Protein chains: 2
Amino acid sequence: MTTPTDPSAGLERLLEAELTTEPVFLMARAASTGSSAANKKLAQLELKVRHYSVLALACGEERLTQRELSQFLVLDPSQIVAILDDLERRGAVERRTDPRDRRSKIIAPTAAGRKLYAQARTLVENSTAESLSPLSPAERDELSRLLKKVAF
Amino acid sequence: MTTPTDPSAGLERLLEAELTTEPVFLMARAASTGSSAANKKLAQLELKVRHYSVLALACGEERLTQRELSQFLVLDPSQIVAILDDLERRGAVERRTDPRDRRSKIIAPTAAGRKLYAQARTLVENSTAESLSPLSPAERDELSRLLKKVAF
DNA sequence: CTTAACCATTGACATTTTCAACGAATAGCG
DNA sequence: CGCTATTCGTTGAAAATGTCAATGGTTAAG
């Protein structure tokens with residue numbers, strides 16, 4: 001098993017570049033490599049991170065409307081529609097008209113959806129473990145803590 | 001001056017959602033909000049983060065080829081072409097055929113380019129300060145340190 | 001009851017990503 | 001030296017993503 005060559009190999013001399021101190025850049029790069037790694041793993045379930053995120057929320061404690069999903073995930077309502085079309089076609093979630101406000105639709109997971117989420121979750125955790133492998137367990141926790149403060 | 005309403009306001013009940021513990025999700029969200037904030041500031045210079053990144057590297061110590069920019073920024077070579085077309089049209093950078101390998105082109109900043117970078121850098125720093133405002137100075141340093149370890 | 005606002009959805013459009021193919025130039029090897 | 005394979009920047013097409021206005025159905029406010 002050959003280690004996949006780092007695409008940015010041979011550029012160690014750039015580690016001192018001013019850009020390397022910019023959090024915007026670091027975040028973008030970390031997020032980009034991280035989610036593309038996760039997407040690769042999720043591909044075997046024909047999922048992408050965006051589907052995984054919606055599915056995860058659908059499988060959570062709170063029952064959410066599409067509007068709420070849209071706000072929380074910072075995605076346009078129309079994108080939520082597309083993602084839900086995929087997930088619903090696969091029988092992973094259901095749209096239920098909110099009885100208290102028939103404009104909204106509440107997203108609920110099916111049994112198959114929960115199963116799918118369980119599998120996906122494992123894959124994502126593997127991917128995360130690899131992505132964060134340069135960090136110690138304590139550092140991973142700290143990173144998550146800091147990101148959470150920034151992201152909300 | 002009214003504080004722009006947080007788009008994800010009223011969803012505090014989701015802060016305990018399982019998804020909130022996933023670094024992939026946190027990174028994506030932090031990166032997304034962070035760079036869209038930076039983009040807004042950079043708009044007054046008619047720049048985006050991607051242009052800023054290339055300009056920053058061009059203004060650094062190392063003289064880089066397009067291929068190297070592409071690898072370091074994890075962007076397709078064709079995207080580098082487009083970004084450089086913009087920057088060159090504005091007279092911020094120059095493409096110089098590498099005398100040691102006439103296939104490659106070395107990117108060099110012009111005087112105007114350095115000036116532009118200086119202005120842009122200030123804007124980005126302001127944006128970063130706002131984005132990371134929920135963190136203490138020590139936490140910001142720690143976040144940068146951790147991100148750097150992950151991103152490279 | 002009427003008007004304004006909200007939700008999910010659709011469709012159009014811009015931006016970004018991804019990929020294959022090309023000419024020019026170099027590197028490796030006989 | 002000559003031939004072949006590889007690399008570089010560039011172009012163009014296709015797919016994915018993001019952004020935005022308009023719609024029908026529904027609710028809220030007066």
Side-chain angles (χ1 to χ4, degrees), chain A residues 5 7 9-10 28-29 31-33 35-40 42-43 46-54 58 63-89 93-108, chain B residues 5 7 9-11 28-29 31-33 35-37 39-40 42-43 46-54 58 63-89 93-108:
Chain A
T5 305
R29 183 160 160 147
S32 151
T33 63
S35 68
S36 99
N39 275 330
K40 267 175 207 153
L42 286 174
E46 291 181 289
L47 287 177
K48 300 193 177 180
V49 174
R50 62 206 292 112
H51 300 96
Y52 172 77
S53 299
V54 169
R63 290 283 70 90
L64 303 176
T65 67
Q66 296 185 203
R67 175 68 45 173
E68 290 168 324
L69 288 172
S70 150
Q71 292 172 334
F72 195 71
L73 298 177
V74 197
L75 290 177
D76 190 87
S78 61
Q79 300 194 59
I80 299 294
V81 169
I83 296 170
L84 287 177
D85 284 348
D86 290 343
L87 291 177
E88 199 172 32
R89 193 180 312 120
V93 302
E94 286 177 3
R95 291 186 233 227
R96 297 177 185 162
T97 305
D98 185 344
R100 287 170 309 184
D101 182 347
R102 304 167 37 79
R103 285 173 301 185
S104 321
K105 296 186 183 167
I106 293 178
I107 306 307
Chain B
T5 305
L11 295 179
R29 183 158 160 150
S32 151
T33 64
S35 67
S36 98
N39 274 331
K40 267 175 207 152
L42 285 173
E46 291 180 291
L47 286 178
K48 301 192 177 180
V49 174
R50 60 206 294 107
H51 299 98
Y52 172 77
S53 299
V54 168
R63 289 284 70 87
L64 302 176
T65 67
Q66 297 185 203
R67 176 67 45 172
E68 291 169 325
L69 289 172
S70 150
Q71 293 172 333
F72 195 70
L73 298 177
V74 197
L75 291 178
D76 190 86
S78 61
Q79 300 194 58
I80 300 294
V81 169
I83 296 170
L84 286 176
D85 285 348
D86 291 343
L87 291 177
E88 199 172 32
R89 194 179 312 119
V93 302
E94 285 177 3
R95 290 187 234 227
R96 297 177 185 162
T97 305
D98 185 344
R100 287 171 307 183
D101 183 345
R102 304 166 36 80
R103 284 172 302 184
S104 324
K105 296 185 183 168
I106 293 177
I107 305 308

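A note on names: the letters A, B, ... follow the listed sequences, proteins ahead of strands, and every chain is numbered from 1. This structure is a prediction, so every number in the text was calculated from the model and none was measured.
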Point to revise | First of B:V81 and A:K48 reached from the 5' end of DNA chain D, by closest nucleotide | key: B:V81

Practice item. Scan A:L75 against the nucleic acid and name what it touches under 4.0 Å (heavy atoms): base, sugar-phosphate only, or nothing. Key: sugar-phosphate

Point to revise | Protein-nucleotide distance (A:L84, atom CG; C:dA8, atom P), rounded to Å | key: 10 Å

Review point. Would you say a side-chain N or O of A:R50 is under 4.0 Å from OP1 or OP2 of D:dA16?
Key: no

**Study point:** Rounded interatomic separation in angstrom, taking CG from A:N39 and P from C:dT16
**Key:** 19 Å

Review point. Tell me: CZ of A:R29 to P of C:dT17, nearest whole Å?
Key: 14 Å

Review point. Starting at the 5' end of DNA chain C and moving along, which residue's nearest nucleotide shows up first, A:S78 or A:S36?
Key: A:S78

Review point. Would you say A:E68's side chain and A:T65's backbone share a donor-acceptor pair under 3.5 angstrom?
Key: yes

Review point. How long is the line joining CD of A:E46 and C1' of D:dA16, in whole Å?
Key: 17 Å

Review point. Starting at CG of A:D85 and ending at P of C:dT9, how long is that distance when rounded to a whole Å?
Key: 7 Å

Check your understanding: Is any N or O donor-acceptor pair between the side chain of B:R103 and the base of D:dT7 shorter than 3.5 Å?
Key -> yes

Point to revise | Comparing B:P99 and A:S104 on DNA chain C - which has the more 5′ nearest nucleotide | key: A:S104

Check your understanding: Given C:dT9, is OP1 or OP2 found less than 4.0 Å from the side-chain N or O atoms of A:Q66?
Key -> yes

Practice item. Measure the spacing between CG of B:L84 and CG of B:L69 and express it to the nearest 0.5 Å. Key: 6.5 Å

Practice item. Applying side-chain contact (heavy atoms from CB on, under 4.5 Å) between A:L47 and each of A:L87, A:N39, A:D86, report the one that passes. Key: A:L87

Review point. Which part of the nucleic acid does A:D101 contact within heavy-atom distance under 4.0 Å: base, sugar-phosphate only, or nothing?
Key: sugar-phosphate

Exercise for review: Give a yes or no on whether a donor-acceptor pair under 3.5 Å exists between the nucleobase atoms of D:dC8, that is its base, and the side chain of B:R67.
Suggested key: no

Study note, to complete from the structure: From NZ of A:K105 across to P of D:dG24 the rounded distance in Å is 16 Å

Review point. Once you round to the nearest 0.5 Å, how far does CG of A:L75 lie from OG of A:S53?
Key: 8.0 Å

Study note, to complete from the structure: Ranking C:dT9, D:dT11, C:dT18 by distance to the side chain of A:P77, first place goes to C:dT9

Exercise for review: Rounded to the nearest angstrom, tell me the gap between atom CG in B:D76 and atom P in D:dG12.
Suggested key: 15 Å

Practice item. Could you tell me whether the phosphate oxygens of C:dT17, OP1 or OP2, come under 4.0 Å of any side-chain nitrogen or oxygen in B:Q79? Key: yes

Review point. How many angstroms lie between CZ in B:R95 and CD1 in B:I107, if you round to the nearest 0.5 Å?
Key: 6.0 Å

Check your understanding: D:dT17, C:dA8, C:dA25: which one has an atom nearest the side-chain heavy atoms of B:R102?
Key -> C:dA25

Practice item. Provide, to the nearest angstrom, the distance between the CG atom belonging to B:L64 and the C1' atom belonging to D:dC8. Key: 15 Å

